[in-house]
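See structure below.
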Protein chains: 2
Amino acid sequence: MIMEPLLLDRLLQIGDLFQKDMSRAFEGTPLSTARVHLLWALQDAGPSTQQTLARLCGVSPRNITGLVDALEASGHVRRTPHPTDRRAVLVELTETSTAYMAQMRRDHADLDAELLGAVSPEDREAVRRGVAAIADRLSALAAAEGGPS
Amino acid sequence: MIMEPLLLDRLLQIGDLFQKDMSRAFEGTPLSTARVHLLWALQDAGPSTQQTLARLCGVSPRNITGLVDALEASGHVRRTPHPTDRRAVLVELTETSTAYMAQMRRDHADLDAELLGAVSPEDREAVRRGVAAIADRLSALAAAEGGPS
DNA sequence: TATTGTTATACTCTATAACTATA
DNA sequence: TATAGTTATAGAGTATAACAATA
């Protein structure tokens with residue numbers, strides 16, 4: 001009797017594959033998943049203080065200092081003075097990485113289409129609904145156990 | 001006009017939530033996702049050499065040395081001499097962590113049921129099929145680009 | 001007094017390369 | 001000569017705590 005993998009196992013596998021894929025895509029570049037996560041947050045939020053980025057990325061402010069240092073050195077972001085608060089800096093994407101992130105967004109959409117294409121047409125809406133429901137449930141479980149951070 | 005999140009975004013979100021959930025579950029213990037990954041491999045494969053574990057976990061042999069060192073110190077695994085090859089060691093679960101992993105397997109199944117419960121009954125089979133198809137497609141893409149490692 | 005970012009320190013995960021003992 | 005595991009070294013990501021400048 002063959003054990004079919006659980007739905008959970010498949011979801012974990014998908015998570016692993018995404019991670020490996022990203023690591024592979026960034027090797028030989030100054031980027032990494034953590035750094036791209038920060039760039040992605042900047043693309044969504046626009047110029048932000050490091051405190052804000054720490055919240056958006058879910059890491060410590062100290063960690064943001066290191067990530068921004070690296071991204072500044074590689075020319076992906078720029079630190080500019082905050083217009084009204086002289087303690088703070090605003091971090092923003094450079095022109096180069098604005099274009100880079102726009103391309104990444106397109107690739108992202110392409111991959112979405114590719115994955116959806118792997119699902120038979122009559123299952124697609126159910127998969128959309130189901131995966132969204134699972135994400136919401138998991139999110140609720142995390143909030144319940146971990147406290148509403 | 002509201003932008004609905006892509007299926008891909010939902011899957012990425014699920015991956016993140018799993019990671020945060022595990023990190024939270026292991027904080028304050030000597031365990032971590034990398035260490036539990038190794039324990040999980042041992043539960044599936046039985047006593048194994050470190051070379052084998054390196055392949056199963058997808059990390060370098062050197063890395064396994066460190067993980068096994070930590071897990072041995074915390075009493076989760078044991079190094080025993082290989083019966084026929086005096087260069088090699090066999091790593092095996094201790095009694096304590098055999099029980100611990102059995103419990104984790106039950107929790108795993110419970111979570112699977114919980115997540116499936118979040119999906120409406122008429123969507124469940126489609127979601128199972130669809131997620132499996134996505135995992136397979138992603139796996140094929142990784143193999144095509146990354147070379148058949 | 002509280003907040004922003006940095007310096008100081010430390011731990012985990014990861015890798016490659018050189019070395020030892022065995023095959 | 002090739003393989004199993006370790007020592008040596010290095011770098012990224014993460015954290016907390018103490019400190020400076022500013023609010």
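Owing to the predicted nature of the structure, the values given are computational and were not obtained by experimental measurement. The sequence lines fix the lettering, A, B, ..., with proteins before strands; numbering per chain opens at 1.
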Within a 6.0 Å radius of atom CZ on A/Arg128, are there more than 12 heavy atoms belonging to other residues, nucleotides or ligands?
no
Residue A/Arg86, side-chain atoms from C-beta onward, closest of C/dC13, C/dG5, D/dT22
D/dT22
Report yes if at least one side-chain N or O of A/Asn63 is closer than 4.0 Å to OP1 or OP2 of D/dG13; otherwise report no.
no
Do B/Arg62 and D/dT7 have a side chain to base donor-acceptor pair shorter than 3.5 Å?
yes
Looking only at heavy atoms, which two atoms of B/Arg105 and B/Gln43 are closest? And how far apart?
NH2-OE1, 3.1 Å
Give a yes/no answer on whether the side chain of A/Ser32 brings an N or O atom under 4.0 Å of OP1 or OP2 in D/dA12.
no
Does D/dG13 have its OP1 or OP2 closer than 4.0 Å to a side-chain nitrogen or oxygen of A/Arg35?
yes
Mind checking if A/Ile64 touches a base, just sugar-phosphate, or nothing, with heavy atoms under 4.0 Å?
nothing
Do the rings of A/Trp40 and A/His108 sit parallel, tilted or perpendicular, given the 30° and 60° boundaries?
tilted
B/Arg87 CZ - D/dT1 C1' separation (whole Å)
12 Å
Atom CZ of B/Arg79 and atom P of D/dG5 are separated, to the nearest Å, by 9 Å
Between D/dT3 (C1') and B/Asp85 (CG): distance, integer Å
8 Å
Tell me the interatomic distance from A/Leu67, atom CG, to D/dG11, atom C1', rounded to whole angstroms.
14 Å
Picking from C/dA15, C/dT9, C/dG5, the nucleotide nearest the side-chain atoms of B/Val59 would be C/dA15
Hey, could you give me the NE2/CZ distance between A/His82 and A/Arg87, rounded to the nearest 0.5 Å?
9.5 Å
Base, sugar-phosphate, or nothing for B/Thr52, non-hydrogen atoms under 4.0 angstrom?
nothing
Euclidean distance, A/Gln50 CD relative to A/Leu56 CG, rounded to 0.5 Å
12.5 Å
Whole-Å distance, B/Leu38 CG to C/dC13 P, equals 11 Å
Hey, is the side chain of A/Thr65 poking within less than 4.0 Å of OP1 or OP2 on C/dG5, counting only N and O atoms?
no
Whole Å only: how far is the CG atom of B/Asp69 from the P atom of D/dT7?
7 Å
Between C/dA21 atom P and B/Gln50 atom CD, what is the distance in whole Å?
17 Å
Within this structure, what is the CG-to-C1' distance between B/Leu90 and D/dA4, rounded to whole angstrom?
12 Å
